[in-house]
Amino acid sequence: MSQNVYDILQERGFIEQCTDEENLRKLFEKERVKFYIGFDATADSLTAGHFLTIMAMMHMQRAGHIPIALLGGGTTMIGDPSAKSDMRKMMTKETIDHNAQCFHKQLSKFLKFDNESALVRNNADWLLSMNYVEMLREIGVHFTVNRMLAAECYKQRWERGLTFFELNYMIMQSFDFYKLYKDDGCKLQMGGNDQWSNIIGGVELIRRKEQGEAYGLTLKLLTTSDGIKMGKTMKGALWLDPEKTSPYEFFQYWRNIEDVKVEECLGLLTFLPMEEVRRLGALQGSEINKAKEILAFEITKTVHGEEEATKSLEAARAIFKNGGISDDMPTVNYTRADIESGKDIITVLSDMKLIKTRSEGRRLINDGGVTLNDDKVTDPSLTLSDKDFNENGIAILRKGKKIVFKIQLN
RNA sequence: GGGCGAAUUCCCGAGUGGCCAAAGGGGGCAGACUGUAAAUCUGCUAGCGAUGCUUUCGAUGGUUCAAAUCCAUCUUCGCCCA
C-alpha cells in the first residue's frame with residue numbers, strides 16, 4: 001500500500017463527496033477496509049453507469065481493500081425514488097431474482113468473489129423476511145420524517161407526490177449498511193452521488209445503534225457536457241452484456257465521445273497512469289482522436305477482453321480509415337435463396353435492426369441516409385440482386401456516416 | 001370523508017365540436033460543414049400493401065353526420081378543507 005487509495009480515487013476524478021475525509025484516509029492506511037456498493041436489480045444486465053462504480057471497486061481492491069457487492073434483491077422490490085420523477089413499475093420477485101443472478105455473473109468478470117478478496121451479498125436475504133413491527137421498533141425510531149423529506153434526492157418527488165412505500169427505500173438501504181457493518185465488518189459505503197442521502201442514513205444509523213464508526217463516499221456520475229446521464233444510445237442503455245450491446249457498438253460509443261470528456265473518461269474508466277491520461281487529454285484538434293481510440297480500446301478491453309477490443313479497433317479502422325471491409329465488422333448473412341426470393345432494402349435495414357418500422361426506413365432513404373456499395377439509395381423499393389455483391393459475395397450497407405454493415409452472401 | 005382541478009404522441013407542453021396524426025420546444029434520426037468531436041444551418045420524427053386506409057389524446061359507454069374537444073360512470077394523480 002504505497003499510495004493511499006483515497007489519493008488514487010481523487011486524482012482519477014472519482015470522488016464527489018465524503019462524510020469524513022480525514023479519518024477515512026487514516027482508516028485506509030490502518031487496515032484492509034471492507035466496503036460495499038449496492039446494485040439494484042432493475043434490468044438483466046449492468047450498464048456503463050455501473051461500470052464506473054465497478055472501476056472504483058477494482059481500484060480499491062488493488063489497493064488491498066475488500067469490496068462487497070450487494071445485490072438489491074430486496075430493495076428492488078421497492079425501487080429507489082431518488083431523482084426519479086415517477087414511481088418505477090413494480091417488478092416481480094422472479095424477475096428481480098433473475099436480474100440479480102445476471103448481475104452476479106457479470107460482476108464476477110471484474111471481481112473475484114472468493115470470500116477473501118471480494119464478497120457478494122443479497123439484501124433479499126434479510127429484508128424480505130423482516131418483521132414490520134420489529135423493524136419499526138429497531139430501525140424506524142432512528143429516523144425522523146422531516147429529516148428524510150429534507151433530503152435533496154426527494155425534492156423532485158416532494159412536488160409530485162412520494163408514497164410511504166417509496167419513502168421506506170432510504171430506511172432499507174440504511175439497514176443494509178447497518179447489517180453489513182455488524183455481520184461483515186463493513187465500514188464504508190460507496191455509490192453514485194445520487195445515493196448521498198441514502199448513504200448518510202446508514203452512517204447515522206450505525207452511529208446511533210452501535211456508536212459505530214462508518215463512512216460514506218460518493219462517486220461522480222458520468223454525464224455528457226449537457227448534464228445528461230452518459231451511456232444512452234439510440235437503442236437505450238449501453239449494456240455490458242455483449243448480447244445486448246455488441247463489443248463493436250460498445251467500442252464505438254467511447255470512440256465517439258465528446259472532446260471535452262476524453263480526459264475525464266480516461267481517468268475514470270481506464271487504468272492508464274495519470275501522466276498518460278493528462279498527456280492524452282491535452283491533445284489538440286484532430287489529434288485527440290488518438291486519445292479517443294485508446295479510450296475506447298482500454299474500456300472495451302476491461303469489459304469484453306483484449307481479443308474483442310482488438311477486433312473492434314481493427315474493424316473500426318478498416319471501416320473509417322480505409323472505407324474497407326473487416327471480418328469483425330457488424331455482419332448480416334444471407335443465402336442465395338434469400339436474394340432470389342427478393343430482399344428489398346427496407347427489409348434489409350430491418351434485419352440489421354437499424355430501423356424499427358418500415359416507415360422509418362422509407363424516411364431514412366428519402367433523407368439520403370442509406371448507401372449501398374458507395375451508391376446513395378434513392379428508391380425505397382430497391383431489391384438486392386447478385387450484381388450488388390462482389391466476387392466474395394460481400395455488399396456494404398451504410399446508414400448515415402458511422403453505421404456500416406457487411407452483407408455476406410453464402 | 002367533502003370541495004376543486006388534472007390526465008395529450010419518446011418527454012415537456014398547446015389544443016375546448018369539423019381546417020387534427022394533433023402547434024411549439026426538448027430529445028432522436030438524416031443532410032451540409034468537419035476530425036468518427038463540438039457548435040451552426042436544413043429536413044424528417046404514429047403505422048401500413050401509401051395521392052388512400054388504419055390506430056392514437058387515462059378507461060368504458062353515450063350524444064352527434066362529425067369527439068382529443070360535449071355528457072355519464074370509473075381509474076389514477078395533484079391542490080384545498082376535515
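Each chain gets a letter, A, B and so on, in the order the sequences are listed, and its residues count up from 1.
Atom P of B:U60 sits at a distance of 9 Å from the matching atom of B:U56, rounded to the whole Å. Nucleotides B:A21 and B:G2 are separated by 41 Å at their P atoms, to the nearest Å. Nucleotides B:A38 and B:A67 place their P atoms 47 Å apart, quoted to the nearest Å. Nucleotides B:C12 and B:G18 are separated by 26 Å at their P atoms, to the nearest Å. For the C1' atoms, the distance from B:A72 to B:C79 is 25 Å, rounded to whole Å. B:G5 and B:U40: their P atoms are spaced 43 Å apart (whole Å). Nucleotides B:U51 and B:C70, compared at atom P, are 35 Å apart to the nearest Å. Rounded to a whole angstrom, the distance from the P atom of B:A50 to that of B:G26 is 34 Å.
Across the protein-nucleic acid pair, A:I403 atom CD1 and B:C29 atom P stand 8 Å apart, rounded to whole Å. The distance between atom NZ of A:K402 and atom P of B:C29, rounded to the nearest whole Å, is 9 Å. Atoms CG (A:N366) and C1' (B:C29) sit 13 Å apart, rounded to a whole Å. Straight-line distance from the CG atom of A:L283 to the C1' atom of B:U36: 16 Å, rounded to whole Å.
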Expected string for nucleotides 45-54 of chain B under the B/S/- scheme (protein heavy atoms, under 4.0 Å, primed atoms plus P, OP1, OP2 as sugar-phosphate) is S-SBSB----

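Between A:K220 and A:E264 there is no salt bridge, since no side-chain nitrogen of the basic residue lies less than 4.0 Å from a carboxylate oxygen of the acidic one. With respect to A:K290 and A:E287, a salt bridge is recorded, a charged nitrogen being found less than 4.0 Å from a carboxylate O. For A:K179 and A:D125, the salt-bridge test fails: no basic side-chain N is under 4.0 Å from an acidic carboxylate O. A:K292 and A:E258 are not joined by a salt bridge, as no carboxylate oxygen comes within less than 4.0 angstrom of a charged side-chain nitrogen.
Residues A:N256 and A:L364 both approach RNA chain B. Their nearest nucleotides, taken by heavy-atom distance, put A:L364 toward the 5′ side.
The base-pairing partner of B:A68, taking Watson-Crick or G-U wobble contacts with both distances under 3.5 Å, does not exist among the strands shown. Figure legend. B:G17 is base-paired to no nucleotide; pairs are counted as Watson-Crick or G-U wobble with both atom distances under 3.5 Å. In this entry B:C79 has B:G3 as its Watson-Crick or G-U wobble partner, both defining distances falling under 3.5 Å. Partner assigned to B:A50 is none, using Watson-Crick or G-U wobble distances below 3.5 angstrom. Under the Watson-Crick or G-U wobble criterion, with both distances below 3.5 Å, B:C10 is paired with B:G26. B:C41: Watson-Crick or G-U partner is B:G31, with both key distances under 3.5 Å. Remark: B:U73 base-pairs with B:A59; criterion is Watson-Crick or G-U wobble with both hydrogen-bond distances under 3.5 Å.
In this structure, A:F175 and A:Y178 have tilted ring planes: the angle between them lies in the 30° to 60° band. By the 30° and 60° cut-offs, the orientation of the rings of A:Y6 relative to A:F28 is tilted. Using the six-membered ring where Trp is involved, A:F39 and A:H50 have ring planes that are tilted, between 30° and 60° apart.
A ring-centre distance under 6.0 Å is not found for A:F297 and A:F251.
Under a cutoff of 6.0 Å and an axis angle of 45°, A:R255 and A:F320 do not form a cation-pi pair.
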Tabulate protein N/O versus nucleotide N/O from nucleotides 32-35 of chain B, keeping only pairs under 3.5 Å, one per line.
from  : atom 1 : to     : atom 2 : distance (Å)
B:G35 : N1     : A:D259 : OD2    : 2.7
B:G35 : N1     : A:G285 : O      : 3.4
B:G35 : N2     : A:D259 : OD1    : 2.7
B:G35 : N2     : A:D259 : OD2    : 3.4
B:G35 : N2     : A:K292 : NZ     : 3.3
B:G35 : N3     : A:N289 : ND2    : 3.4

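Between A:K399 and B:G31 there is no side-chain polar atom (N or O) within less than 4.0 angstrom of OP1 or OP2.
Side chain A:D367 to base B:G43: a donor-acceptor pair is found below 3.5 Å.
The residue from A:N198, A:N123, A:L205, A:I171 that alone fulfils the side-chain contact (heavy atoms from CB on, under 4.5 Å) condition with A:D176 is A:N123.
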